[in-house]
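This one's a predicted model, so the numbers in the text were calculated from it and none came from an experiment.
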Amino acid sequence: MKIIHKYKAIGGLALLILFGAVITACSFDEQVDPNRPSLAGVLTDASQNQLNNLVVGVESAMRNSLAIQTTGSGTMARELYLFDADPRNTQDLLGANGISLDNNSFYSTAPWGGRYVSIKNANILLESVENTEQVTDTQKAGYRGYAKTIIAFELIEVLKSYNRARIDVADPDNLGPILEFDAALTAVRALLDEALTDLNGAGAEFAFPLAGFSGFDTPSGFAEFNRAVAAVAAVYAGDGNAALTALSNSYFDLAGDLTIGPKHVYSLDSGDFTNGLFKIPDNNGDQIIVHPSFIADAEAGDTRVDSKTLIRANPTTQDGLSGDYQTALYASNISPIDMLRNEELVLVYAEANILANDLFEAEDAINVIRNSASLPVYTGALTAEALTTEMLNQRRYSLWCENHRMFDLRRYNLSNTLPIDRAGDQVFNTLPVPLSENE
């Protein structure tokens with residue numbers, strides 16, 4: 001198999017496209033496109049402009065298959081139904097009639113591939129930075145800190161869906177093994193610390209623009225994002241104290257704006273992406289339907305229900321499933337999608353304090369979220385078990401349809417609490433690693 005690399009400008013965003021082509025008996029003369037640099041050209045003494053295009057490619061690719069990953073995990077977690085023309089969304093993902101998940105279907109291959117395209121682009125950026133004399137050492141530190149942080153962020157997204165990840169993918173001809181969750185997460189945390197060293201280095205600078213990172217587009221600002229991701233990784237590892245330390249150096253603010261944080265951005269520019277999680281109100285045939293339990297289980301007066309969902313003019317039914325509400329999470333098809341906002345960090349802070357056995361501080365954080373949703377303060381038991389249940393419930397409503405619920409249930413061994421929608425359905429909490437990745 002020969003790997004062909006192309007560099008393509010898409011709607012003002014440059015994206016590195018990687019794909020394989022099987023070469024059989026035919027042979028072809030090498031073609032040189034003067035308008036697009038070859039991979040070798042980027043890897044050898046790349047200009048600052050070429051490096052910056054790689055940065056844009058990394059950021060653009062982070063959006064690849066984001067909607068598929070979110071609706072797939074959301075369906076498995078009984079957050080939503082995706083009613084469209086593909087029956088696998090209401091059959092496979094819900095385990096209809098005893099069916100198993102397919103390791104060669106779009107819902108298992110697209111999220112994995114989407115994350116690894118961005119990781120591959122970031123690895124190319126890292127290699128290019130080491131092989132050029134066109135930027136300064138302080139600028140190189142900025143590129144490295146950026147790329148390593150994004151790789152870690154994307155690997156966490158892989159782990160959330162697959163519970164495993166291939167960490168070492170820098171050399172496509174010599175891939176590292178697929179690691180189980182704990183080993184992979186340890187490697188991710190180490191990479192985040194490496195990135196922080198680069199970002200905090202003397203005179204580190206960003207010689208590149210970033211879209212969606214307003215306020216986080218300098219080494220010091222991006223270091224706060226790095227620490228926010230490190231805090232998330234720490235609580236996923238059950239390390240509350242490390243999470244609290246990381247949060248103290250992030251943009252976490254218990255009394256601050258809950259919406260602050262980097263975002264995936266979209267546009268209607270030719271060739272660019274639109275937000276695949278936006279759905280036209282009352283549309284038929286392509287709709288994210290809210291799982292009835294999300295409405296039924298909500299506390300009275302929870303404003304998150306009204307802000308995230310919309311009652312349909314007419315209830316809709318597909319494949320023996322039905323719902324009265326649809327998504328209203330995004331106002332339009334160019335609305336941004338949060339990567340990691342302060343609201344999530346407040347919940348991470350609550351979880352970290354539970355892990356660190358500071359239950360009063362955890363309760364305070366939970367009340368910040370409850371109050372923001374117009375709910376009264378928490379009055380339950382002040383025990384780690386009770387506060388964990390409350391924290392997970394607040395995550396359910398604050399982070400609905402954002403690719404969290406399935407993982408939260410799995411990591412707390414609560415998948416068996418999910419409702420069964422139809423006789424013969426099953427609950428899955430992990431996507432199978434794609435067939436093409438089998439070792």
Side-chain angles (χ1 to χ4, degrees), residues 18 20 61-62 64-77 88 92-93 95 99-123 148-195 229-239 242-243 339-340 402-416 418 426-439:
L18 306 169
M62 290 177 74
N64 288 354
S65 304
L66 187 62
I68 293 173
Q69 185 172 19
T70 301
T71 56
S73 71
T75 299
M76 292 163 66
R88 289 172 291 183
D92 294 28
L93 293 169
I99 195 172
S100 297
L101 290 174
D102 185 354
N103 65 357
N104 198 32
S105 189
F106 74 94
Y107 52 75
S108 57
T109 60
W112 181 280
R115 305 286 70 77
Y116 277 107
V117 167
S118 182
I119 291 168
K120 179 60 180 176
N121 289 355
N123 276 321
K148 291 175 185 177
T149 300
I150 296 301
I151 289 171
F153 180 86
E154 294 291 81
L155 286 170
I156 289 172
E157 292 302 301
V158 173
L159 287 171
K160 285 165 63 177
S161 287
Y162 298 89
N163 212 44
R164 311 171 71 203
R166 196 189 297 276
I167 302 297
D168 184 4
V169 294
D171 181 357
D173 296 321
N174 187 31
L175 298 174
I178 295 176
L179 302 181
E180 297 302 325
F181 184 90
D182 289 344
L185 190 59
T186 296
V188 167
R189 295 178 70 187
L191 185 60
L192 285 164
D193 290 344
E194 283 183 32
V229 179
V232 169
V235 293
Y236 289 171
D239 191 345
M339 295 183 196
L340 179 52
E402 296 186 46
N403 193 36
H404 291 282
R405 183 66 173 164
M406 181 185 75
F407 177 61
D408 284 348
L409 293 170
R410 184 173 79 235
R411 64 194 178 101
Y412 278 97
N413 297 313
L414 293 170
S415 300
N416 62 355
L418 289 173
Q426 305 165 81
V427 173
F428 301 123
N429 62 21
T430 308
L431 287 173
V433 171
L435 175 66
S436 59
E437 295 291 334
N438 286 350
E439 299 175 294

| Smallest separation among heavy atoms of Ala243 and Val235, with atom names | CB-CG1, 3.5 Å

| task | Kindly compute the distance separating OG (Ser65) from CZ (Phe106), expressed to the nearest 0.5 Å. | result | 10.5 Å

| Would a distance-only check, ignoring hydrogens and angles, find a side-chain to backbone donor-acceptor pair under 3.5 Å from Lys160 to Asn403? | yes

| Taking every non-hydrogen atom, the tightest pair across Val427 and Ser415 | CG1-O, 3.7 Å

| remark: Nearest heavy-atom approach of Leu191 to Ala152 is CD2-N, 4.0 Å

| request: Carefully, step by step, assess Ser118 and Ile150 under the rule side-chain contact (heavy atoms from CB on, under 4.5 Å). | output: CA-CA 8 Å; Ser118 182; Ile150 296 301; 4.0 Å; yes

| Side chain proximity check, Leu431 to Met76, heavy atoms < 4.5 angstrom | yes

| query | Nearest 0.5 Å, what's the CE-CD distance between Met62 and Glu157? | reply | 8.0 Å

| task | Any chance you could measure Phe407, atom CZ, to Thr430, atom OG1, to the nearest 0.5 Å? | result | 9.5 Å

| Short side-chain to backbone donor-acceptor contact, Arg405 and Ala77, under 3.5 Å | no

| task | Supply the atom-to-atom distance Asp168 CG to Asn174 CG, rounded to the nearest 0.5 angstrom. | result | 7.0 Å

| Check: Ala184 main-chain N/O paired with Arg164 side-chain donor or acceptor under 3.5 Å | no

| field | Met406 CE to Ser161 OG distance, which is reported to the nearest 0.5 Å | value | 4.5 Å

| said: For Ser108 versus Asn103, what's the shortest heavy-atom pair and its separation? | reply: OG-C, 3.4 Å

| said: When you measure from the side chain of Glu437 to the backbone of Ile178, do you find a donor-acceptor pair of N or O atoms at a distance under 3.5 Å? | reply: no

| request: Identify the two heavy atoms, one from Leu93 and one from Phe428, that lie closest to each other, and give their separation to 0.1 Å. | output: O-CD1, 4.0 Å

| request: For residues Ala195 and Lys148, report the shortest heavy-atom separation together with the two atoms involved. | output: CB-CB, 3.6 Å

| request: Calculate, to the nearest 0.5 Å, the distance between atoms CD1 and CZ belonging to Ile156 and Arg189 respectively. | output: 10.0 Å

| field | Donor-acceptor contact present, side-chain Tyr162 to main-chain Trp112, <3.5 Å | value | yes

| Do side-chain atoms of Arg166 reach the backbone of Leu179 as a donor and acceptor pair under 3.5 angstrom? | no

| field | Worked check of side-chain contact (heavy atoms from CB on, under 4.5 Å) between Asp408 and Leu414 | value | CA-CA 8 Å; Asp408 284 348; Leu414 293 170; over 6 Å; no

| query | Are any of the side-chain heavy atoms of Tyr116 and Leu155 separated by less than 4.5 Å? | reply | yes

| Does the Tyr107 side chain pair with the main chain of Asp102, one donor and one acceptor, at a distance under 3.5 Å? | yes

| pair Val169-Asn123: side-chain heavy atoms closer than 4.5 Å | yes

| Are the side chain of Arg115 and the backbone N or O of Asn64 linked by a donor-acceptor pair below 3.5 Å? | yes

